Amino acid sequence: MRLLGSLTSPYVRKARIVLAEKRIEYTFDLDDPWDEKSRVPDANPLGKVPVLVLEDDSTLFDSRVIVEFLDSVSPISRLIPSNNREKIEVKRWEALADGVLYAAVAVVLERRRPVKQKSETTIKRQMDKIERGVAVMARDLGAKPWCTGNAFTLADIACGVALGYLDFRHDSYDWRVLHTNLAKLAAKLAERPSLADTAPRETQVAAAAARK
Ligand SMILES: N[C@@H](CCC(=O)N[C@@H](CS)C(=O)NCC(=O)O)C(=O)O
């Protein structure tokens, strides 16, 4: 299978971490959806990454669909519990983390608008979502070793990706000082090769485009 995506997208990173944890082989096709020559719209009408292209050339998007599919194709390292109540708890974590990301990306895009078009109200509204979301992550993690209890799941991956993106694009927001339990979790996650190997980084092209 092939994964279309960029090195800076946190949603792509989530899919790459799951592929690594599940030890699934794939080809990573770098494609920046903001580039006018991007082939992403041919694979996903919404023009967003990640897109997973399967052996029969059918495509899967978005990241939540992709990771659930990947978890089902291999029994190695189950990341989504089969028990319905536990599965919903993991998916709730994922929705929360993805929501924080959505707001974090929105702030980045807003800040890049020309001064006259930039809205401080929009930035503040999105920053509030980020701060509330991270506070709820910290509250729900509590003193547990992993987001949903004693086992590493997709919830931890989603949470780690969201916090990693805040470090990458919002380094003035010091969530570690406010939420020491999340800081501990993030340090533990950073030791996993799947997360360490996919830490967001600017490519030359991406830096030039200064997209997200
Ligand atoms: N909900 C989607 C979000 C994907 C998304 O927004 N990806 C961004 C990159 S971080 C993108 O491709 N943006 C291009 C665009 O919006 O045109 C997912 O989880 O896959």
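Please read these numbers as outputs of a predicted model, since none were measured by experiment. Atoms within a ligand are numbered from 1 in the order they appear, just like the ligands themselves.
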- Message: Checking the N or O distance criterion of under 3.5 Å, is ligand 1 in contact with Val105?
- Response: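 No - when backbone and side-chain N and O of Val105 are compared with those of ligand 1, no distance drops under 3.5 Å.
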- Should Asp62 be counted as touching ligand 1, given the test is an N or O pair under 3.5 Å?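 Checking ligand 1 against Asp62, an N or O pair does fall under 3.5 Å apart.
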Enumerate the atoms of ligand 1 whose separation from the nearest heavy atom of [X] is less than 4.0 angstrom.
{"X": "Ser9", "value": "9 (C), 10 (S)"}
{"X": "Ser63", "value": "18 (C), 19 (O), 20 (O)"}
{"X": "Pro50", "value": "20 (O)"}

Side-chain donor-acceptor distances from residues 39-54 under 3.5 Å, at least two apart:
residue: Asn44; atom: OD1; partner: Leu46; partner atom: N; Å: 2.8
residue: Asn44; atom: ND2; partner: Lys48; partner atom: O; Å: 2.9

- Message: Check Lys188 with Asp156, please: is the shortest side-chain N to carboxylate O separation under 4.0 Å?
- Response: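 Result for this pair is no, no salt bridge flagged.
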- Message: Just to verify, what does Phe61 make a ring-ring contact (aromatic ring centres under 6.0 Å, His included) with, not counting sequence neighbours?
- Response: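 For Phe61, no residue satisfies ring-ring contact (aromatic ring centres under 6.0 Å, His included) once neighbours in sequence are set aside.
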- Item | Side-chain (Lys118) to main-chain (Arg111) donor-acceptor, under 3.5 angstrom |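 Pair found, side chain donor or acceptor close to backbone of Arg111.
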- Query: Could Arg192 and Phe152 be counted as a cation-pi pair, given that NZ or CZ must be under 6.0 Å from the ring centre and within 45° of the axis?
  - Reply: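 That pair qualifies as a cation-pi contact.
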